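On a predicted model such as this, the values are computed, not experimentally measured, just so you know. Values below: every heavy atom of this structure, side chains too, minus hydrogens, waters and symmetry copies. Residue numbers start from 1 in every chain, and the chains themselves are labelled A, B, ... in the order their sequence lines are given, proteins ahead of strands.
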Number of protein chains: 2
Amino acid sequence: MRPGPKRAFTGDDVLDAALALMDAGGPPALSIRRIAAALGVTPNAVYTYFPDKSGIEQALIERLLGEVNRSAPDSGDWRADLETLAVDLRRRLTAHPGAVPLLLGGAMNGPEALLLGERLLEILARGGLPAGAAARAAYLIMVYVLGAIALEVADVPQTGALSPETERIAARRTAMSQVPAELFPRTAASVDVSAAWIGTDQYLWGLHRVLDGLPAT
Amino acid sequence: MRPGPKRAFTGDDVLDAALALMDAGGPPALSIRRIAAALGVTPNAVYTYFPDKSGIEQALIERLLGEVNRSAPDSGDWRADLETLAVDLRRRLTAHPGAVPLLLGGAMNGPEALLLGERLLEILARGGLPAGAAARAAYLIMVYVLGAIALEVADVPQTGALSPETERIAARRTAMSQVPAELFPRTAASVDVSAAWIGTDQYLWGLHRVLDGLPAT
DNA sequence: GTTAACTCTGCACGGCGTACAGAAATGGTG
DNA sequence: CACCATTTCTGTACGCCGTGCAGAGTTAAC
């Protein structure tokens with residue numbers, strides 16, 4: 001069927017290596033030359049499977065969102081389904097903090113991104129929200145879900161390895177505890193609370209406050 | 001007082017040039033060599049005023065947030081003040097879409113960023129929110145305000161010049177209208193609404209839905 | 001066996017951040 | 001005035017980056 005020599009690696013191998021690099025050092029650590037080195041090939045070999053670097057980033061986003069789309073909650077309770085979807089998305093993204101800037105800065109235009117939006121709208125429609133309100137509500141919820149993850153990740157300094165969750169929390173605590181209390185008393189007073197925001201419970205607290213603010217059916 | 005030759009440019013000139021580059025082409029267009037070229041000096045001259053590139057980015061963020069901090073609304077109505085603060089922040093950031101990824105991906109640890117958080121907490125305290133709830137509510141509101149801006153900007157393709165507002169809206173419309181309706185019927189149906197989300201009214205609609213969900217005094 | 005398709009290598013180019021040494025210009029001090 | 005310490009900016013260079021181009025090597029189809 002296919003002429004040519006046996007493949008030394010696949011496009012999936014490229015994404016595996018790319019994700020490992022992102023986890024280790026964030027977006028600046030992602031380079032084609034490093035991916036190629038990790039795979040034991042020359043840099044240009046990567047261009048066999050991807051047109052350019054942004055193609056790799058796009059595929060990486062699609063893979064992450066695709067994992068979220070794999071599970072389709074349909075418990076009958078639309079609010080519980082929405083919660084499941086948000087928690088799933090948050091877990092996938094916080095597991096790979098280095099990829100979050102990519103998702104925010106890059107385009108969410110791929111098929112998996114659209115499918116995710118479609119599922120969000122479907123759940124809201126099941127909740128009985130009118131069409132126009134559903135579109136706006138979906139926007140509001142996506143703002144909250146993605147924004148919360150982004151802020152959570154943004155507090156962590158991007159330089160150096162930060163893969164273990166414990167290391168992330170520690171880095172965040174030290175960064176926040178450097179706030180001079182005499183200049184910013186309120187911020188300094190909320191440092192302890194800030195450290196607790198990491199938890200899933202607080203994340204869901206915010207989501208439900210958003211849901212409570214939605215227009216009723 | 002100060003020995004040495006007369007200065008050919010200042011640190012402010014560097015930030016001016018940097019902001020112009022970001023407005024024209026987003027973060028990838030920001031380079032020390034381009035800044036130096038715009039100022040008519042050699043690249044290393046920039047290092048007279050900034051230790052490295054991230055120092056420039058940090059100062060750029062601080063300048064933008066500082067402009068928001070310059071106006072201190074105190075109308076007596078805490079909810080109106082919060083609205084003013086959010087709209088101010090949104091206006092400053094959407095005026096420079098290329099700088100938003102910097103703000104999200106970079107650190108919000110500078111003095112102006114802390115002052116902004118301090119003012120946010122002060123307004124909420126005036127609203128009578130209890131201390132612990134205020135900290136969580138401030139987090140929720142910042143999530144919404146920053147997240148909304150980020151999503152708004154994220155829909156615009158980053159490549160190429162996109163400074164005029166009209167061009168941004170046009171680019172967004174075309175990007176969204178490419179959604180295949182047979183695969184993503186709900187998303188495609190909301191395209192028109194999506195194009196309208198740009199307006200300040202819709203932005204405030206979302207903010208007030210968040211405020212409505214906050215615990216009462 | 002020949003050929004066409006495909007994978008991967010080697011080389012090269014321009015751009016990037018920035019380290020290092022040094023020239024040029026200035027104000028303070030004798 | 002001359003001298004000097006200080007500051008500003010230049011010149012050169014290094015290693016990394018994405019990637020264009022030509023071509024070597026390998027395979028399946030005819």
Determine: side-chain N/O of [X] to OP1/OP2 of [N], distance under 4.0 Å, yes or no.
X	N	value
B:Tyr47	D:dC9	no
B:Ser31	C:dC16	yes
B:Arg7	D:dT8	yes

Side chain of [X]: nearest nucleotide among [options]?
X	options	answer
A:Ile32	C:dT9, D:dC9, D:dT19	D:dT19
A:Arg33	C:dG17, D:dC17, C:dC11	D:dC17
B:Thr42	C:dC11, D:dT10, C:dT18	D:dT10

Please tell me if the side chains of A:Tyr47 and A:Lys53 come closer than 4.5 Å, counting only heavy atoms from C-beta onward.
->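 No, too far: nothing below the 4.5 Å cut-off.
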Tell me, do B:Leu85 and B:Leu116 make a side-chain contact under 4.5 Å, heavy atoms counted?
->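 They are in side-chain contact.
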Do B:Asp23 side-chain atoms and B:His96 backbone N/O form a donor-acceptor pair below 3.5 Å?
->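 Here the side-chain-to-backbone pair does not exist.
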Under 3.5 Å: donor-acceptor pair, side chain of B:Arg34, backbone of B:Leu21 |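 Looks like no, no N/O pair under 3.5 Å.
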Measure the distance from [atom1] on [X] to [atom2] on [N] and round it to the nearest whole Å.
X	N	atom1	atom2	value
A:Ile35	D:dT19	CD1	C1'	14 Å
B:Leu30	C:dT18	CG	C1'	15 Å
B:Lys53	D:dC17	NZ	P	15 Å

Using a heavy-atom cut-off of under 4.0 Å over every strand shown, decide if B:Phe50 touches base, sugar-phosphate, or nothing.
->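 The residue B:Phe50 makes no contact with any strand.
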Would you indicate what B:Tyr49 reaches in the nucleic acid, counting non-hydrogen atoms under 4.0 angstrom: base, sugar-phosphate, or nothing?
->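 Sugar-phosphate, no base atom in range.
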Stepwise side chain to side chain donor-acceptor pair (under 3.5 Å) test for A:Thr10 and A:Asp12 | CA-CA 5 Å; A:Thr10 68; A:Asp12 263 338; 5.3 Å; no
Along DNA chain C (nearest heavy atom to each residue), the more 5'-positioned of A:Asn44 and A:Thr48 |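 Taking each residue's closest nucleotide, the earlier one in sequence belongs to A:Thr48.
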Side-chain ion pair, A:Asp88 and A:Arg70, N-O less than 4.0 Å =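 Not counted as a salt bridge, because no side-chain N and carboxylate O are separated by less than 4.0 Å.
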Test: A:Arg119 and A:Asp81 ion pair at under 4.0 Å |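 Salt bridge: no.
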Determine, for nucleotides 22-28 of chain C in 5'-to-3' order, which nucleotides have protein heavy atoms under 4.0 Å from the base (write B), from only the sugar-phosphate (write S), or from neither (write -).
-> ---BBSS
